[in-house]
Amino acid sequence: MTQPLLSYTNVCKSYDQRQILNNINLDIKPGMVVGLLGKNGAGKTTLLRSALGLLTPEQGEIHVFGSLNTELDIKTKEQIGYVAQQTFGYEGFKIADALALHRSFYPSWDNELETKWLARFELNPNSAINNLSIGQRQTLALIMAMAYRPKLLILDEPVASLDPIARREFMGDLFDLALDSDSGILFSSHITSDIERVASHIALIKDGELLIMDELDLIRDTVRKVSFSDSGVDLSTYKVLNKQPNSAIIYGYTGQDIAGSVAINALSLEQLFVELHG
Amino acid sequence: MLEFINVNPNSGDPIYKQLHEQIVRLIVGGQLATGDELPSVRKIADHFAVNPMTVSRAIGQLVDQGWLERRRGQATRVAQQTTVQSDQQEALLFKAVDQLIQQAKQLDVPQKNLAELINKRWKQ
């Protein structure tokens, strides 16, 4: 077994008596691109920030490369990339100066990659950061988090402000990182079609609980919406993710007949997301 | 060949299945002939902006099922097909036919009428 790059064990966290994370168990291993899905306020950002030691869970433990998240040394931190939802800092800097400063913290910074990405995303090193659009700031933040090829990359809604072309380019870079450098990536996004394209795994959280975490293809292949008129239908052989009076979302379906069901339908990721919050 | 394939991340089918099904169609339909080379996994993944592992899964299944063949150090190629072509063609229509039959049943259209309907529309 490969050691996970990032590992949550029974993690709980609350603010003002409100439970934000409830007993989260999650491992990110090399090569994984994990899409984190959840409604606004479901606990995604708390989950991501706690990996960096920015938050301390009340219960449970988080390990990054085998060390506790609150005791990470500099060598370990140099291998983590993070892009927050709200960027940025470096106000009053030119792009080139901000990058020079940022680069100085990371010995393994790849100058060639930086130059390539600046050109590709049409960022002029002489532009002032104050004058950049939100999308351009986001792009720069991604370059700053990825140009040293981190072993663990944590992204909080990284592409929301990028145009479709830039999003595609950026996804290609993510794969290069995950597969060529054997890194692990955990990213949250509301754009389900992007997750569908990029993710190898899906982690879905609802009200602070991890509802599913598995390979995307496995989820897509075995999650079904079962409709029925009699709610006494026997679904005990499946994991029931959500149950309504006339339908249920089940996980682990492999083509059997379900007695009493009216219809059994596959769901796209977006449909699954909506159904689970019904 | 990539221009013949269309990936839709919002469809009910996972992306690896969409790739699998469409490549089978290209082979059965003759757009891809025995010995034709497929682009590399990375190239296909880049083209559709999808995870290379997804592409790899589709290609792997096609190899296992004998549609494609992979030799060490060489590009993946379309394999010599051993099953009868008409069987393959028909198999590809099962899903659409099943859906049609299901709809006919829901609308209470008898089998005989459905057959007549297909006949009539076919001639148009």
Side-chain angles (χ1 to χ4, degrees), chain A residues 29-35 159 162-180 182 184-185 187 189 191-202 214-225 262-275, chain B residues 2-3 5-24 38-65 67 70 76 91-92 94-108:
Chain A
K29 292 179 185 159
M32 278 190 180
V33 183
V34 182
V159 295
L162 300 192
D163 64 66
I165 306 288
R167 289 216 311 264
R168 279 184 163 231
E169 305 261 17
F170 160 73
M171 286 186 228
D173 299 330
L174 277 189
F175 303 138
D176 289 344
L177 193 63
L179 301 177
D180 299 341
D182 243 348
I185 299 165
F187 76 102
S189 174
I191 307 173
T192 48
S193 58
D194 278 354
I195 293 191
E196 186 92 47
R197 286 175 185 280
V198 184
S200 64
H201 292 70
I202 298 288
D214 221 324
E215 274 183 53
L216 168 65
D217 291 332
L218 197 68
I219 291 177
R220 291 295 313 275
D221 276 344
T222 71
V223 165
R224 291 290 183 278
K225 179 180 182 178
V262 180
I264 302 171
N265 291 310
L267 299 170
S268 72
L269 210 49
E270 176 150 342
Q271 288 168 323
L272 171 65
F273 185 80
V274 173
E275 291 285 348
Chain B
L2 296 180
E3 62 276 16
I5 298 177
N6 176 31
V7 164
N8 175 8
N10 296 319
S11 121
D13 282 331
I15 290 174
Y16 86 89
K17 269 200 178 152
Q18 297 179 31
L19 290 171
H20 178 280
E21 193 185 305
Q22 292 183 49
I23 292 172
V24 169
L38 260 74
S40 70
V41 163
R42 237 350 139 69
K43 212 164 176 183
I44 300 176
D46 270 352
H47 184 87
F48 297 113
V50 299
N51 194 315
M53 282 192 277
T54 307
V55 177
S56 208
R57 179 176 300 225
I59 302 283
Q61 285 190 352
L62 290 162
V63 170
D64 290 345
Q65 293 162 0
W67 296 102
R70 216 168 4 196
T76 305
L92 286 177
F94 285 167
K95 199 169 143 192
V97 171
D98 289 349
Q99 280 171 356
L100 180 64
I101 293 172
Q102 199 191 351
Q103 288 191 28
K105 283 179 176 167
Q106 277 174 0
L107 294 169
D108 242 349

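To find a chain, count down the sequence lines: A is the first, B the second, and so on, and within it residues start at 1.
One distance of note links CD of A:Glu196 with CG of B:Asn10; it measures 7.5 Å at 0.5 Å rounding. Note that CG of A:Leu174 is 9.5 Å distant from CG of B:Asn51, once rounded to the nearest 0.5 Å. Atom CG of A:Asp221 is separated from atom OH of B:Tyr16 by 3.0 Å, given to the nearest 0.5 angstrom. Between B:Asp13 atom CG and A:Arg220 atom CZ the span is 7.0 Å, to the nearest 0.5 Å.
Top candidate by heavy-atom pairs under 4.5 Å with chain B, chosen from A:Gln271, A:Glu215, A:Glu169, A:Met171, is A:Glu215. With chain B as partner, the option from A:Val198, A:Asp217, A:Asp194 having the largest number of non-hydrogen pairs under 4.5 angstrom is A:Asp217. When the candidates B:Met53, B:Lys17, B:Arg57 are compared by the number of heavy-atom contacts under 4.5 Å with chain A, B:Arg57 comes out ahead.
Taking both residues in full, the closest heavy atoms of A:Arg168 and B:His47 are given as NH1-O, 3.4 Å, listed atom of the first, atom of the second, then distance. Closest approach of A:Ser268 to B:Ser11, counting heavy atoms only: CB-O, 3.6 Å. Of all non-hydrogen atoms in A:Phe175 and B:Ala49, the two that sit nearest each other are CE1-C, 4.5 Å.
Atom CD1 of A:Ile165 has 12 or fewer neighbouring heavy atoms from other residues, nucleotides or ligands inside a 6.0 Å radius.
Neither the backbone nor the side chain of A:Leu269 comes within contact range of chain B; no heavy atoms are under 4.5 Å apart. For A:Ala178, no part lies under 4.5 angstrom from a heavy atom of chain B.
Remark: the backbone N or O of B:Ile15 is not paired with any side-chain donor or acceptor of A:Arg197 at under 3.5 angstrom.
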